[in-house]
Amino acid sequence: MLSNLLVDTTQISTYVILGVLIVAIIVMFVFSSRRRKKQEEDAKSLIDAVKPGNKVKTIGGICGIVVEIDTEENTFVLETGTEQSGKCFIKFDKQAIYQTDAVVEKAAPAEEAKAEEVAEEAQPAEEAQPVVEEKPAETAETSTEEVKEEKKPAKKTKKN
């Protein structure tokens, strides 16, 4: 009778341990897939944030400044070289971007609307005035020469 009880408890404990291991493996897969999806979304938003004038490093190690972006073909033109050595323009697929100095602007219209509602509730009804955001006037097109002048790095000197 004692031997039957020992056999039953070992079988039960074996099933419990196997069940816990299976659940742990499933949880690990779920969390890793969520993390991977978030990383993919972040990478895509960073690639989409690249605009002319941003510095870019490609997966091949070529560094330069973005001159033009073609959204239809999903490509961009990269300017490499200097005035002294001669400039070169190379066309790349957007997926070739490895690093960039572009900043992703996270627009949250729902959060902005909530913040405006809270601000309106905080003010008395008589004093409530519409919030007008003033943006500096910018030209729609910037020539590549202006971008080059803004993004020109300081020359490095070699120490002997």
Any donor and acceptor pair, going by atom type alone, linking the side chain of Thr100 with main-chain N or O of Lys55 inside 3.5 Å? yes
Rounded to the nearest 0.5 Å, what separates atom OG in Ser32 from atom CD in Gln39? 10.0 Å
Mind checking whether Leu78 and Thr80 have side chains closer than 4.5 Å, heavy atoms only? yes
Would you call Lys91 and Glu68 a salt bridge, using N to O less than 4.0 angstrom? no
Measuring only between side-chain heavy atoms, which start at C-beta, is Leu21 closer than 4.5 Å to Ile17? yes
Check whether any side-chain heavy atom of Ile97 lies under 4.5 Å from a side-chain heavy atom of Lys57, and answer yes or no. no
Under 3.5 Å, side chain of Asn54 to main-chain N/O of Val66, donor-acceptor pair present? no
What distance do Thr75 atom OG1 and Gln95 atom CD have between them, rounded to the nearest 0.5 Å? 12.0 Å
Indicate yes or no: does Lys37 engage Glu41 in a salt bridge with an N to O separation below 4.0 Å. no
Does the Ser85 side chain pair with the main chain of Gly81, one donor and one acceptor, at a distance under 3.5 Å? no
Kindly state each residue pair satisfying ring-ring contact (aromatic ring centres under 6.0 Å, His included) with at least one member in residues 43-76, sequence neighbours excluded. Phe76-Phe92
Any link between Ile62 and Val56 through a network of hydrophobic side chains (Ile, Leu, Val, Met, Phe, Trp, Tyr) touching at under 4.5 Å? yes
Do Ile47 and Ile90 share a hydrophobic cluster, counting only Ile, Leu, Val, Met, Phe, Trp and Tyr and linking them when any side-chain heavy atoms are less than 4.5 Å apart? yes
Glu40 pairs by salt bridge (Lys or Arg N to Asp or Glu O under 4.0 Å) with which of Lys38, Arg36, Lys44? Arg36
Looking at every non-hydrogen atom in both residues, tell me the closest pair between Ile69 and Lys51 and how far apart they are. CD1-CA, 3.6 Å
Of all heavy-atom pairs linking Ala102 and Ala49, the shortest is CB-O, 3.8 Å
Side chains of Glu73 and Asp93 in contact at under 4.5 Å (non-hydrogen atoms): no
For Tyr98 and Thr58: C-alpha separation, side-chain torsions, deciding distance, then whether side-chain contact (heavy atoms from CB on, under 4.5 Å) applies. CA-CA 5 Å; Tyr98 179 66; Thr58 67; 5.8 Å; no
